[in-house]
Protein chains: 2
Amino acid sequence: MSDKNLPNQVSANTLRRLPYYLSYLKTLKNTDVSYISAPVIASELDLNEVQVRKDLAAISSVAGKPKKGFEIDVLINDIQAYIGCDVNNCGILVGAGHLGRALLAYSGFEAYGLNIIAAFDSNPAAVGKDIAGKSVYHTDALLDFCKKTPVTIGIITVPAEDAQEICDLLIKANVKAIWNFAPVKLCTPDGVIIQNENIAASLTIINKKLAEQF
Amino acid sequence: MSDKNLPNQVSANTLRRLPYYLSYLKTLKNTDVSYISAPVIASELDLNEVQVRKDLAAISSVAGKPKKGFEIDVLINDIQAYIGCDVNNCGILVGAGHLGRALLAYSGFEAYGLNIIAAFDSNPAAVGKDIAGKSVYHTDALLDFCKKTPVTIGIITVPAEDAQEICDLLIKANVKAIWNFAPVKLCTPDGVIIQNENIAASLTIINKKLAEQF
DNA sequence: TAGATTGTTAATCGATTAACAATC
DNA sequence: TAGATTGTTAATCGATTAACAATC
């Protein structure tokens with residue numbers, strides 16, 4: 001049904017705003033309003049109204065109605081569909097340290113189409129454990145595991161110095177995308193999707209703003 | 001010693017690159033090279049060399065030497081100082097769910113100057129527990145706690161629908177910055193620093209790229 | 001109709017990249 | 001010196017914002 005023949009270039013910034021639209025729209029679900037306008041969303045979320053209109057135009061299945069705006073229920077569905085809530089990607093996580101265990105236990109990813117089915121670690125102390133119902137296997141077993149159960153997304157939560165090695169392993173295991181939590185530039189062949197997550201960077205930004213204030 | 005009299009506007013994008021520079025430079029620590037040039041860093045991290053030079057110029061305490069580049073040890077120290085590794089901010093976390101517990105247990109924040117000293121939750125089942133050596137108190141005790149122990153950074157890991165309420169509470173408790181993991185626009189008075197973290201957004205980007213590939 | 005809202009075309013802004021003179 | 005690298009000034013690029021005609 002998706003007749004998007006051209007990639008429909010939506011910027012990463014727009015994608016980042018979508019979860020905020022979604023969560024705001026959901027707060028309206030149980031109210032009596034059924035339509036919402038771009039200017040209202042913009043003022044609620046402190047955004048420019050043209051920006052909101054462009055964002056919505058990019059992901060909405062129907063045009064907004066002059067004087068009314070967008071039907072809330074339709075918009076919620078459209079955003080969820082666009083975000084990929086209805087896909088179901090299998091993921092595995094490598095590195096069952098603190099952060100890794102945290103992500104394993106975090107249930108919020110399923111709402112975004114990611115199902116983490118197993119974890120791997122090279123530390124014997126971690127291997128064999130069960131975290132949030134997911135087994136931790138030895139890293140040596142990763143390739144075999146992925147042969148039996150194709151995995152789309154590999155999540156790297158190992159220390160920086162091990163990240164490249166794990167990355168190579170995941171590529172050998174044929175994952176299509178890598179979600180990298182180590183602050184390291186990974187070398188990968190073309191075609192493999194890399195998404196770097198950098199929690200520390202946000203902290204850096206906070207520190208900087210705090211320092212500026214005084 | 002820091003004679004930065006003007007704010008020295010460094011963009012958030014630059015700040016986001018600093019952890020990658022740092023981690024790369026650290027890999028050179030135990031080698032025999034003592035100087036590194038912007039072009040080399042750029043090619044290693046797949047960045048533009050002018051961009052690297054500008055980034056380094058913004059944070060370095062000394063100018064680079066033509067033909068040699070930057071002294072690695074000095075650069076490491078400068079980045080760490082700039083990032084705020086040497087500050088020590090007290091933080092508390094509200095919402096000891098999966099994500100909250102993960103962040104509590106994650107030890108990596110101390111390297112960025114953040115020391116999470118306690119957690120709060122309104123769920124009786126969570127209250128009284130000990131996570132990674134940190135106590136979980138009832139949210140009702142938050143204000144009193146912050147009166148005794150001034151807290152700089154409040155971390156919000158409660159569900160989206162409770163985030164604003166907790167935000168208000170943290171502001172009453174006089175925190176200077178809020179690190180918000182809920183995908184919600186928070187309303188705050190001027191002067192309070194807000195940093196939104198949006199883990200789901202990265203997942204959205206991965207989903208989109210995966211979808212484009214086929 | 002009048003006015004709010006839409007989608008779009010043009011202007012602005014900021015970040016990235018290219019070009020270049022200065023330095024060791 | 002010649003050449004690699006520096007820092008800086010100018011050009012490019014993309015995202016945000018402003019202006020405006022079209023619609024109900």
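Reminder, nothing fancy here: chain letters follow the sequence lines and each chain counts from 1.
Taking the salt bridge (Lys or Arg N to Asp or Glu O under 4.0 Å) definition, one finds that Lys134(A) meets it with nothing, sequence neighbours left out. Residues meeting the side chain to side chain donor-acceptor pair (under 3.5 Å) test with Ser202(A), sequence neighbours left out: Glu197(B). For the side chain to side chain donor-acceptor pair (under 3.5 Å) test, no residue two or more places apart in sequence or in another chain qualifies with Thr188(B). Legend: residues meeting side-chain contact (heavy atoms from CB on, under 4.5 Å) with Asn198(A), ordered by chain and number and at least two apart, are Ala200(A), Ala201(A), Pro19(B), Tyr20(B). In this structure, the side chain to side chain donor-acceptor pair (under 3.5 Å) partners of Asp46(B), at least two apart in sequence or on a different chain, are Lys185(A). With sequence neighbours left out, the side chain to side chain donor-acceptor pair (under 3.5 Å) criterion links Arg53(A) to Glu49(A). Annotation: salt bridge (Lys or Arg N to Asp or Glu O under 4.0 Å) contacts of Asp121(A) (sequence neighbours excluded): none.
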inquiry  = Generate the contact string for nucleotides 12-24 of chain C. Rules: B means base contact, S means sugar-phosphate contact only, - means no protein heavy atom under 4.0 Å.
reply    = ---SSBB----B-
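Once rounded to the nearest 0.5 Å, the distance linking CG of Asp78(A) with CG of Leu18(A) reads 11.0 Å.
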task = Could you provide the dot-bracket string of DNA chain D, using ( ) for intrastrand pairs, [ ] for crossing pairs and | for bases paired to another strand, with Watson-Crick or G-U pairs below 3.5 Å?
result = ..||||||||||||||||||||||
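For the pair Lys68(B) NZ and dG7(D) P, the interatomic distance rounds to 14 Å; values are reported in whole Å.
Near DNA chain D, defined here as any heavy-atom distance below 4.0 Å, the residues from residues 35-46 of chain B are Ser37(B), Ala38(B), Pro39(B), listed numerically.
Residue pairs satisfying the side chain to side chain donor-acceptor pair (under 3.5 Å) criterion with at least one member in residues 24-43 of chain B, sequence neighbours excluded, are listed as follows: Tyr35(B)-Lys65(B). Residue pairs that meet the salt bridge (charged side-chain N to carboxylate O under 4.0 Å, His left out) test with at least one member in residues 149-172 of chain B, sequence neighbours left out, do not exist here.
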